[in-house]
Amino acid sequence: MAKLKPSKGAPYARILGVGGYRPTRVVPNEVILEKIDSSDEWIRSRSGIETRHWANAEETVAAMSIEASGKAIADAGISAEQIGGVIVSTVSHFKQTPAVATEIADKLGTNKAAAFDISAGCAGFGYGLTLAKGMIVEGSAEYVLVIGVERLSDLTDLEDRATAFLFGDGAGAVVVGPSQEPRIGPTVWGSEGDKSETIKQTLAWNEYDSSTDKFPAITQEGQAVFRWAVFEMAKVAQQALDAAGITPDELDVFIPHQANERIIDSMVKTLKLPEHVKVARDVRTTGNTSAASIPLAMERLLATGEAKSGDTALVIGFGAGLVYAATVVTLP
Ligand SMILES: CC(C)(COP(=O)(O)OP(=O)(O)OC[C@H]1O[C@@H](n2cnc3c(N)ncnc32)[C@H](O)[C@@H]1OP(=O)(O)O)[C@@H](O)C(=O)NCCC(=O)NCCS
């Protein structure tokens with residue numbers, strides 16, 4: 001049997017830079033109320049959402065990703081040519097093939113970086129981060145760009161009371177690179193495909209008939225998802241803390257998926273997070289942007305000074321699949 005050379009990577013990986021892009025159009029609850037019987041007060045009290053951003057025709061999945069990535073690359077202090085991998089997590093890029101990641105890698109000016117898309121719903125950022133860390137430690141890339149991007153407004157049925165107010169558009173990106181110390185903890189992740197019907201696209205693309213059907217949209221069983229998130233995801237978050245060897249007292253920041261402020265409040269309570277832990281509440285003005293929500297919330301906490309470089313943050317994403325991913329990271 002021939003002997004193969006072992007691959008040589010960095011001892012550990014870390015997030016080196018973060019960037020976000022929010023579409024220019026801000027959509028208040030009043031606009032949502034044009035199509036559903038609800039109220040601003042109901043939406044705010046049940047979800048925490050006050051406004052969200054909707055992309056225009058020019059703010060494509062690729063365009064928003066390039067904007068967010070440019071900022072993340074500048075924040076990391078590297079050049080695009082140094083990036084060896086581009087991972088794009090999205091459920092709202094409408095072309096099945098080729099992956100949008102290849103277009104982004106090219107337009108950013110990477111040197112033929114490996115590029116691919118993943119579909120892991122609202123856990124997509126954590127899935128991407130875990131893959132990036134593996135690539136760096138394994139040695140197949142020195143720097144990897146992880147992008148979470150969505151145009152969920154394209155997949156929202158504005159007449160559906162259960163979802164019309166929830167979703168938003170945007171892109172968040174991080175640059176992951178080598179580290180001499182562990183700065184991304186072990187990932188606790190998984191899937192529960194027996195619950196795949198609780199969040200889904202109404203019709204598969206090959207089932208959709210434009211002469212009779214409403215355009216496919218994301219639909220969900222709100223209460224079932226809410227209960228699952230509240231009861232099961234706090235346990236996963238705790239497992240990620242344990243796996244990293246961190247107590248809630250040692251945590252500076254909590255960045256859960258921005259799905260619903262009541263889910264966030266409930267997790268904070270169950271995890272018994274101390275007062276000093278800064279909690280991301282970007283959902284209020286960004287809505288649920290699925291794979292983009294965690295990097296967007298991270299970027300905002302750092303930009304506003306609520307969190308700072310070097311802070312220890314617990315991140316957890318969860319959603320359609322159902323899938324989840326949680327880990328503890330050091331903020332860039
Ligand atoms: C969507 C969500 C906010 C709805 O809140 P809820 O408290 O579960 O609402 P319910 O569906 O139980 O409905 C409660 C009542 O509000 C009403 N209602 C539902 N949607 C409404 C709306 N948009 N406006 C006003 N009233 C509404 C219902 O008719 C019901 O009225 P009733 O009590 O008279 O029967 C909530 O279920 C949720 O956030 N779920 C998780 C969503 C999520 O995070 N998904 C993505 C995960 S990645």
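Ligands are counted one by one from 1 in listed order, and the atoms in each one are counted from 1 as well. Note that this is a predicted model, so its numbers are computed, not measured. Worth knowing before you read on, the calculation uses all heavy atoms, side chains too, and leaves out hydrogens, waters and symmetry mates.
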Engineer: Does the protein place any heavy atom closer than 4.0 Å to atom 8 (O) of ligand 1?
Structural biologist: yes
Engineer: Which of the numbered atoms in ligand 1 are below 4.0 angstrom from a heavy atom of N260?
Structural biologist: 3 (C), 38 (C), 39 (O)
Engineer: In ligand 1, which numbered atoms sit nearer than 4.0 Å to a non-hydrogen atom of F226?
Structural biologist: 38 (C), 39 (O), 40 (N), 41 (C)
Engineer: Identify the closest protein heavy atom to atom 18 (N) of ligand 1: which residue and atom is it, and at what distance?
Structural biologist: W42 CZ2, 3.5 Å
Engineer: Scan the protein's non-hydrogen atoms and note whether one is under 4.0 Å from atom 24 (N) of ligand 1.
Structural biologist: yes
Engineer: With atoms numbered from 1 as shown, which atoms in ligand 1 lie under 4.0 angstrom from a non-hydrogen atom of S38?
Structural biologist: 22 (C), 23 (N), 24 (N), 25 (C)
Engineer: Short list, please: which atoms of ligand 1 are under 4.0 Å from a heavy atom of Q223?
Structural biologist: 8 (O), 10 (P), 12 (O), 37 (O)
Engineer: Sequence neighbours excluded and cut-off under 3.5 Å, please list the side-chain donor-acceptor pairs for residues 16-29, or say none.
Structural biologist:
{"from": "Y21", "atom 1": "OH", "to": "E59", "atom 2": "OE2", "distance (Å)": "2.6"}
{"from": "R22", "atom 1": "NE", "to": "T286", "atom 2": "OG1", "distance (Å)": "3.4"}
{"from": "R22", "atom 1": "NH1", "to": "E299", "atom 2": "OE1", "distance (Å)": "3.2"}
{"from": "R22", "atom 1": "NH2", "to": "D282", "atom 2": "OD1", "distance (Å)": "3.2"}
{"from": "R22", "atom 1": "NH2", "to": "D282", "atom 2": "OD2", "distance (Å)": "2.8"}
{"from": "R22", "atom 1": "NH2", "to": "L296", "atom 2": "O", "distance (Å)": "3.3"}
{"from": "T24", "atom 1": "OG1", "to": "E59", "atom 2": "OE2", "distance (Å)": "3.3"}
{"from": "N29", "atom 1": "OD1", "to": "R52", "atom 2": "NH1", "distance (Å)": "2.9"}
{"from": "N29", "atom 1": "OD1", "to": "R52", "atom 2": "NH2", "distance (Å)": "2.8"}
{"from": "N29", "atom 1": "ND2", "to": "D40", "atom 2": "OD1", "distance (Å)": "2.8"}
{"from": "N29", "atom 1": "ND2", "to": "I49", "atom 2": "O", "distance (Å)": "2.9"}

Engineer: Right, does atom 31 (O) of ligand 1 have protein non-hydrogen atoms nearer than 4.0 Å?
Structural biologist: no
Engineer: Can you confirm, on distance only, whether ligand 1 has an N/O atom lying under 3.5 Å from any N/O atom belonging to N288?
Structural biologist: no
Engineer: Which of these, A320, G321, A259, G319, has its nearest heavy atom closest to atom 44 (O) of ligand 1?
Structural biologist: A259
Engineer: Would you please indicate yes or no on a ring centroid separation below 6.0 angstrom for F318 and W189?
Structural biologist: no
Engineer: Can you tell whether the side chains of D242 and K235 come within less than 4.0 Å, N to carboxylate O?
Structural biologist: no
Engineer: If we only consider heavy atoms of A162, is any one of them less than 4.0 Å away from an atom in ligand 1?
Structural biologist: yes
Engineer: Residue-level breakdown please: for S47 versus ligand 1, do any non-hydrogen atoms fall below 4.0 Å on the side chain, on the backbone, on both, or on neither?
Structural biologist: neither
Engineer: Nearest protein heavy atom to atom 28 (C) of ligand 1, by residue and atom, and its distance?
Structural biologist: R161 NH1, 4.2 Å
Engineer: Is atom 48 (S) of ligand 1 near the protein, in the sense that some protein heavy atom lies at less than 4.0 Å from it?
Structural biologist: yes
Engineer: May I ask you to decide whether R44 forms a salt bridge with E41, counting only side-chain N to carboxylate O separations under 4.0 Å?
Structural biologist: no
Engineer: Assign the ring pair F215 / F94 to parallel, tilted or perpendicular, where the plane angle (0 to 90°) is split at 30° and 60°.
Structural biologist: tilted
Engineer: List ligand 1 atoms under 4.0 Å from R262, heavy atoms only on the residue side.
Structural biologist: 5 (O), 7 (O)
Engineer: Can you list the residues that meet the side-chain contact (heavy atoms from CB on, under 4.5 Å) rule with P182, with sequence neighbours excluded?
Structural biologist: Y12
Engineer: Just distances here: any N/O of G222 and N/O of ligand 1 closer than 3.5 Å?
Structural biologist: yes
Engineer: Just to check, does D37 reach to within less than 4.0 Å of ligand 1 when the distance is taken from its heavy atoms?
Structural biologist: yes
